[in-house]
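The structure under discussion appears below in the form of structure tokens.
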Amino acid sequence: MRYLPHSAAERAEMLGVIGAADIDALFSAVPARALKNFDLGLPAHSPEFLVETHMKALSAKNHAGADGPFFVGAGAYRHHVPATVDHLIQRSEWLTAYTPYQPEISQGTLQMLFEFQTQVAKLTGMDVANASLYDGSTGTAEAVLMARRLTKRNKIVLSGGLHPHYRDVVKAYLKDDADLECLSASPEGQGDILDHIDDQTAAIVIQTPDFYGHLRNMKTAADAAHAKGALLIVVITEVVSLGLLEAPGALGADIVVAEGQSIGNALNFGGPYLGLMATRKEFIRQMPGRLCGETVDAEGQRGFVLTLSTREQHIRREKATSNICTNSGLCALAFSIHMALLGEAGFTRLARLNHANACKLADALAAVPGVEVLNDSFFNEMTIRTSRPAAALIERLAARGILGGVPVSRLEPKDPTVANLIVLAATELTTDADIAALCAALSEELA
């Protein structure tokens, strides 16, 4: 981050322009009792080069994902992002273009969002996609609210395989509504959400591959929901899986929500991420966010417009479908560039590489004494049960320089049945050496 301090002369000039005698005059409205009258205990200022040295020493304590075997997933995945993506999104015309408040003169931004929407709609097999949301978790909550508006019902059923963070975000949005039913964790794929659908159900929410890596039968779920007049919301945290799995729209999904981080967006210490949402054409007016469309101008030239803006930043609050205030525009651009670079064939090949590496990982883990692989089906993520508590085991692996996955107890601390479970992911970046190192370390730690 650039730090450009002002000189005393520059500060005096600025104060003169606004008519303030000194810096303290800027805070004249603050009561004296509210001003700091104690020492914060912070060190004195240092020269820039000493600060840089100190910060580098602190950063050296971090263990980055590329520093060794890496099997962390659970909604955040380490994939290769081509250098082209970072180069293009840092061009000034993209990096500084926050949002098209005057859409008629933001043709470049609008065209990008239009292409992004097209890609998402094709990936999900749905009629229409919006111009992105914050992330997959808030997108799931928005989908639940959307389903309530569409069906005029309140009951929502969340699958036991839904990511715990996504479940908690939905609970926060709905304020622990009595009509929200959260099913118990289903690490072995058990639990039948279909038994919980009744005539008051607005929607069921199913993740596939689910938090534990299991693939879910969307067609059966869609048929069961529709028979009761309910909607099916499909959640996808690993969007690369759509390179091999049949699109949810073809299986009867009504709303599809996904996390787009895997394409074009690195892990970046937890964000920013990218929420994808797509739905059927007849539901378009209840979709949150905004929609970019293609048209022609008065001279017949191709142009782009904000076709639909249903967020309260654009229209009256009482008419808005959501109070969501932005879209992840730069992350959507990164997604769109990476997807364009891959193309259909490249995206499918990427998915095959992920699945092939996951198969190698599952076979190797199954041969480790004290490890049980719980998945019959998976894409690039799976759950194992170990003979020792998972949280402490993961810490011991980390001490060896191996990031061995996510202990489920970290996300489900109140559930004692998951104490020995670990969710692991393999991507195209996972090597045979990484898998061998993980299994060797597990064998030693579990012996």
Side-chain angles (χ1 to χ4, degrees), residues 99-100 103-104 106 109-136 138-154 156 170 173 202-206 218 222 225-226 229-236 239 242 247-260 274-296 302-329 332 335-336:
T99 192
E104 66 278 1
S106 302
T109 299
L110 289 177
Q111 180 173 358
M112 177 277 291
L113 292 174
F114 179 81
E115 301 292 349
F116 166 81
Q117 292 170 180
T118 303
Q119 291 169 335
V120 173
K122 287 183 176 293
L123 281 175
T124 58
M126 303 302 288
D127 297 328
V128 61
N130 69 9
S132 85
L133 297 172
Y134 284 120
D135 58 20
T138 54
T140 302
E142 292 285 355
V144 164
L145 296 175
M146 176 178 166
R148 283 185 164 184
R149 293 193 299 270
L150 286 166
T151 62
K152 304 296 190 293
R153 299 176 179 180
N154 287 325
I156 301 292
V170 173
Y173 265 63
I204 58 174
V205 181
I206 299 179
M218 293 296 101
H226 296 160
L231 303 181
L232 171 62
I233 299 172
V234 174
V235 176
I236 302 168
V239 71
L242 293 177
L251 300 174
D254 297 293
I255 306 172
V256 179
V257 178
E259 173 54 62
L274 169 65
L276 314 181
M277 176 181 274
T279 190
R280 302 196 177 281
K281 189 174 182 179
E282 58 266 31
F283 300 154
I284 188 172
R285 287 201 167 272
Q286 291 300 328
M287 185 167 59
R290 58 192 178 187
L291 186 71
C292 294
E294 181 182 4
T295 185
V296 293
R302 185 189 191 203
F304 300 90
V305 296
L306 276 185
T307 302
L308 190 66
S309 295
T310 58
R311 61 180 189 159
E312 65 176 38
Q313 196 172 10
H314 283 279
I315 61 178
R316 296 197 306 274
R317 176 172 295 181
E318 62 271 17
K319 295 290 186 179
T321 59
S322 169
N323 68 350
I324 192 162
C325 293
T326 190
N327 71 313
S328 301
F335 178 99
S336 194

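Side-chain atoms of T295 do not come within 3.5 Å of backbone N or O of G303 as any donor-acceptor pair.
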(Q) Checking F283 against D254 for the side-chain contact (heavy atoms from CB on, under 4.5 Å) test, could you report, in this order, the C-alpha distance in whole Å, the side-chain angles of both residues, the deciding distance, and whether it holds? (A) CA-CA 9 Å; F283 300 154; D254 297 293; 3.9 Å; yes
Q: Apply side-chain contact (heavy atoms from CB on, under 4.5 Å) to the pair Q111 and R302, showing each step before the final yes or no.
A: CA-CA 10 Å; Q111 180 173 358; R302 185 189 191 203; 3.8 Å; yes
Q.
side-chain contact (heavy atoms from CB on, under 4.5 Å) for L110 and L306? Distances and angles first, verdict last.
A. CA-CA 8 Å; L110 289 177; L306 276 185; 4.0 Å; yes
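In this structure, the side chains of V205 and T140 come closer than 4.5 Å at one or more pairs of heavy atoms. Side chains of K281 and M126 form no contact here, defined as non-hydrogen atoms less than 4.5 Å apart. For the pair N154/R148, a side-chain contact is recorded, criterion being any heavy-atom separation below 4.5 Å from C-beta on. Side-chain contact between L232 and I204 is present, with heavy atoms from C-beta onward closer than 4.5 Å. For the pair V256/T279, no side-chain contact is recorded, criterion being any heavy-atom separation below 4.5 Å from C-beta on. Counting heavy atoms from C-beta on, the side chains of E259 and L274 come closer than 4.5 Å. Side-chain contact between V234 and M218 is present, with heavy atoms from C-beta onward closer than 4.5 Å. Put simply, the side chain of L231 reaches to within 4.5 Å of the side chain of L150, judged on heavy atoms.
Between atom CZ of residue R285 and atom CG of residue L291 there is a gap of 10.5 Å, rounded to the nearest 0.5 Å. Distance check: M277 CE to L133 CG gives 5.5 Å after rounding to the nearest 0.5 Å. Note: N130 CG to C292 SG = 9.5 Å, rounded to the nearest 0.5 Å.
Relative orientation of the F304 and F114 rings is tilted, given thresholds of 30° and 60° on the angle between their planes.
With respect to I255, the side-chain contact (heavy atoms from CB on, under 4.5 Å) criterion is satisfied by exactly one of R280, M146, E142, M287: M146.
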